[in-house]
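Have a look at the structure below, then the notes.
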Amino acid sequence: MSEDNRIIQFLENESVDSALLDGVREYTEKYPVKEELKERIPRPDCPYYGKEVWEKALSAILTVKNLLLTGPRATGKNIFAENLAALFERPAWNISFHVGADAAYILGTDTFDGEKVTFRPGPLTEASEKGGFAVLDEVNMAKNEALSVMHSGLDHRRILDIPGYRKVDIDPASRFIGTMNYGYAGTREMNEALCSRFVVLEMPVIAEGDMERLLKTRFPGLKPQMASQFSKLFYELNNKAENGEISDRAPDLRGLLDALDMMSMGTPSGAALDMCITNKTFDRYERGLVRDVIRARIPADLKKESIFG
Amino acid sequence: MLVRNYSGEQRRALNIIWNAAGDYSLVPDFMAFARDGSPDFYMNTVVGLSCKYYDSERLRDFFGRVSSFVRRDEFDDLLWLGIESAVYQREEGERFSLSALRREHGEDFFREHATFSRQQMMLQSMLTLNQQEARWAFVTGRRAPVLTPKETRIRDRLLFPGTDDTDALLERMRDFLKEFFRADVDNALPIRGRRMFRRPRVPVDRLVVRVGGSGDPSGRLRRNEHGFALDTASKNRAEDLEFIREHFGEAVIKGSELEGIRQKLITGADSGADIYFAGETVRSGNRELKDAALQGERNRAYVRDNARFITSARHRLASRLEAALSDHSFSLPEESRGGRLEAGKAYRLPVFKDGRVFLREGEEKERDISVLLLLDASTSRMNTQELIAAQSVLISGALESCSVPTLVAAFRSLRGITVLQILKDFGARDDDGILRYFASGWNRDSLALRASSLLMDRYDKKSRGMMRKHIIMVLTDASPNDSVGIPSPSGRGRDVSYEGEPAVRAASDAADEVRGSGAILNALYYGSGANLENLHRIYGKNHLRIRALSQIGLGVAELLESSLRELEAREGRVYTPRRLEDPGG
Ligand SMILES: Nc1ncnc2c1ncn2[C@@H]1O[C@H](COP(=O)(O)OP(=O)(O)OP(=O)(O)O)[C@@H](O)[C@H]1O
Ligand SMILES: [Mg+2]
């Protein structure tokens with residue numbers, strides 16, 4: 001394990017089960033990463049906060065399972081996948097399925113380089129051959145043809161069968177991490193056959209204490225009192241969505257972080273929150289409800305100086 | 001949940017409360033609205049916070065007891081100033097914008113205050129107003145109003161500290177009422193049901209509901225806490241009518257007459273409903289009617305407790321009406337030997353030497369107008385039953401003492417049948433029927449309104465065969481709803497629920513119909529600000545918003561005066577008194 005694996009230090013501080021962390025160390029010793037692939041190891045800009053999620057995920061990965069991260073928008077699925085790859089010191093490939101990735105794209109295609117036809121491997125093939133982590137983003141949106149080629153790779157066979165090319169044995173260090181949103185329109189139920197090939201980890205909404213830590217990490221200048229107000233605001237919006245009074249568009253952590261970004265650049269609180277939170281809801285009445293929640297916490301005319309110290 | 005039946009503004013108010021309380025399962029007893037009907041942001045936050053910091057069930061019980069006092073509105077307002085002080089201190093550090101919101105609220109108070117009309121000022125309790133002014137002056141850094149020594153003590157005592165737990169808070173409120181108003185909460189009877197903050201509207205319907213079938217298009221079930229809590233799954237209209245007959249006695253309009261009326265009324269938006277005209281007595285002995293009887297006793301007690309006030313208000317109203325009515329009376333003509341020549345009989349003069357061909361003004365006065373007080377008797381009036389009964393006693397008493405024939409009728413809809421119940425006939429001087437007023441069921445305002453002008457025609461005919469001009473005063477909270485929906489115009493497709501916008505539209509169409517028939521339609525509104533828009537849509541500017549019995553006299557006088565002026569303006573066009581049959585043969 002490399003000296004500067006910050007994530008494992010972080011997890012030690014979080015007092016994540018030491019047996020699991022020992023497992024991680026063993027793994028990294030057993031599967032050292034090649035120099036030329038070090039580039040591909042993600043360097044997440046903040047740790048994922050949530051001890052339980054960490055522990056569940058570590059035991060799944062250590063027992064060679066594919067992990068499906070499910071949950072509402074902006075619960076940190078992608079940042080967690082990055083964190084996992086960083087912790088295990090794995091090169092990572094990201095495959096976005098919602099853009100309609102087909103089998104040729106994920107596995108690879110023949111290309112003509114001017115002299116001869118060669119096979120250029122797709123991200124899934126690369127991750128499988130090179131002991132990487134493949135992040136299958138929004139895997140529930142995958143087309144059927146893309147799904148069927150993944151089946152053998154995701155179950156005990158751990159083989160990718162690339163038509164007209166060859167069979168790829170999946171490297172023992174490789175793992176597949178799927179992400180999947182639920183709870184808003186446009187999501188598809190995941191195909192049963194695919195689903196059974198993953199262990200499913202439900203990503204909870206970030207816990208209150210973690211939330212304040214996240215804000216501090218992301219915005220070191222944020223006044224503690226304000227961090228607590230914004231954090232509470234987030235949970236109040238969340239509570240309202242959970243009770244079906246508003247849709248789940250507004251309580252989106254990403255929106256709140258974006259708003260804070262804008263405020264740190266000098267946008268007044270009201271305008272920033274409007275753009276990043278309120279206006280994400282398209283229903284006028286709902287927007288009124290969202291605005292009421294904000295109003296009950298954050299005055300609209302707060303300037304940068306009163307938010308950041 | 002029942003909350004789906006809240007209107008938009010109410011739902012917004014609720015959301016503010018829930019958010020502050022952090023609890024979405026709450027069914028709050030109080031909601032606050034500004035004068036324009038929009039939610040009062042700060043006070044709703046305060047209501048929510050009160051549930052966050054104190055045991056809301058025990059608060060509910062306490063305010064339930066407070067509501068048995070005549071001065072309950074005043075007490076509510078004062079106690080909430082106290083609670084405001086307490087929860088503000090507790091929450092201030094927790095909620096960044098709270099102090100700004102509080103100041104804003106204070107500023108709003110003074111802004112509203114400045115635009116109060118003289119009349120509105122008179123309708124407010126001065127005591128409450130002064131206390132509010134003192135509080136908000138303090139909050140906004142204004143100069144304190146001049147208070148009497150007692151008021152100063154009240155002001156100081158209302159600065160509840162933030163350190164109380166529920167026990168201490170209740171103790172404090174109890175002592176407050178005892179010390180300053182000699183009101184003993186412990187010996188007060190808790191009133192069942194919930195109340196709203198100053199502008200009552202019951203969020204919980206305690207109704208007889210038609211379940212399933214076409215009767216309940218939304219398929220919702222409601223709690224039956226009170227009223228006719230009977231099994232409601234009826235199979236057919238005949239059974240429903242039998243149910244109504246069992247409780248309200250024989251119909252007073254039956255047979256072909258009823259058929260004629262039904263053909264006129266059971267049409268359009270009301271074609272899925274039905275109508276029943278009942279007399280004043282409600283059958284006794286039925287378990288479900290015990291509550292109604294109990295309410296009758298409460299009404300009586302309330303009228304008795306306020307007898308001095310009601311009597312003097314009635315006299316004042318009557319004397320103002322007398323003056324306004326002078327143009328609307330004619331004495332019953334007597335045959336006489338001098339006066340106006342009666343053309344039809346003039347031939348007698350030469351032939352029979354009969355001098356009695358002249359008509360002369362008689363002693364007994366006859367008005368050319370009659371009034372209907374139409375009382376919404378649906379469950380949403382639950383918390384104001386005594387007040388409604390007392391108002392009706394006061395108004396009908398004043399009108400009758402001015403010789404204006406006045407009919408009092410209550411309406412409610414049960415199992416899709418709108419029951420118009422005659423509580424007082426023309427000329428009747430006793431209030432027994434009115435005092436039996438009780439709230440239960442739904443209210444299909446459109447059908448009740450349309451039925452009301454037919455009812456008036458009929459009663460006019462019955463009494464001396466005189467057609468009069470009609471003034472119909474509806475005591476309403478302007479929120480029509482019924483368990484039977486509105487059939488889709490095509491006859492196909494699903495019924496539309498009779499609530500919200502479609503119901504208001506139906507009621508406002510019905511109101512147009514009533515006005516089209518020549519009657520003047522007025523509303524006495526006692527309800528939350530949330531329904532003000534409905535009120536305007538149905539009754540235009542012909543309405544009066546009441547908050548307390550004390551306003552009635554003045555307000556009703558003005559309302560009736562303007563109705564009379566409106567009638568005079570139309571005089572000769574639509575209505576002049578006319579005989580239906582010539583009694584002379
Ligand atoms: N538990 C958490 N720890 C750290 N950051 C978090 C956590 N939850 C959410 N975030 C932050 O929220 C933002 C969104 O995270 P991310 O993009 O990973 O979410 P996601 O679940 O993949 O969203 P989507 O479902 O929209 O794809 C990021 O800035 C991330 O840092
Ligand atoms: Mg994502």
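Below, read A as the first sequence line, B as the second, and so on, with proteins coming before strands; counting in each chain starts at 1. Worth knowing before you read on, the calculation uses all heavy atoms, side chains too, and leaves out hydrogens, waters and symmetry mates.
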What residues of residues 298-309 of chain A sit under 4.5 Å from chain B when only non-hydrogen atoms are counted?
-> I298(A), P299(A), L302(A)

Where on N239(A) is there a heavy atom nearer than 4.5 Å to chain B: the side chain, the backbone, both, or neither?
-> both

Answer yes when E236(A) and R95(B) have at least one side-chain N-carboxylate O distance shorter than 4.0 Å, and no when they do not.
-> yes

Give a yes-or-no answer on whether the side chains of Y42(B) and E84(B) include a donor-acceptor pair shorter than 3.5 Å.
-> yes

Determine yes or no for a side-chain-to-main-chain donor-acceptor pair under 3.5 angstrom, with W18(B) supplying the side chain and S25(B) the backbone.
-> no

Electrostatic pair R58(B)-D61(B), nearest N-O below 4.0 angstrom | no

Electrostatic pair K52(B)-E91(B), nearest N-O below 4.0 angstrom = yes

With sequence neighbours left out, which residue pairs that include part of residues 42-51 of chain B fulfil the salt bridge (charged side-chain N to carboxylate O under 4.0 Å, His left out) condition?
-> none

For Q225(A), is it the side chain, the backbone, both or neither that has a heavy atom under 4.5 Å from a heavy atom of chain B?
-> side chain

Ion pair present between D261(A) and R218(A), side-chain N to carboxylate O less than 4.0 angstrom?
-> no

Give, as side chain, backbone, both or neither, the part of Q229(A) having an atom under 4.5 angstrom from any heavy atom of chain B.
-> side chain

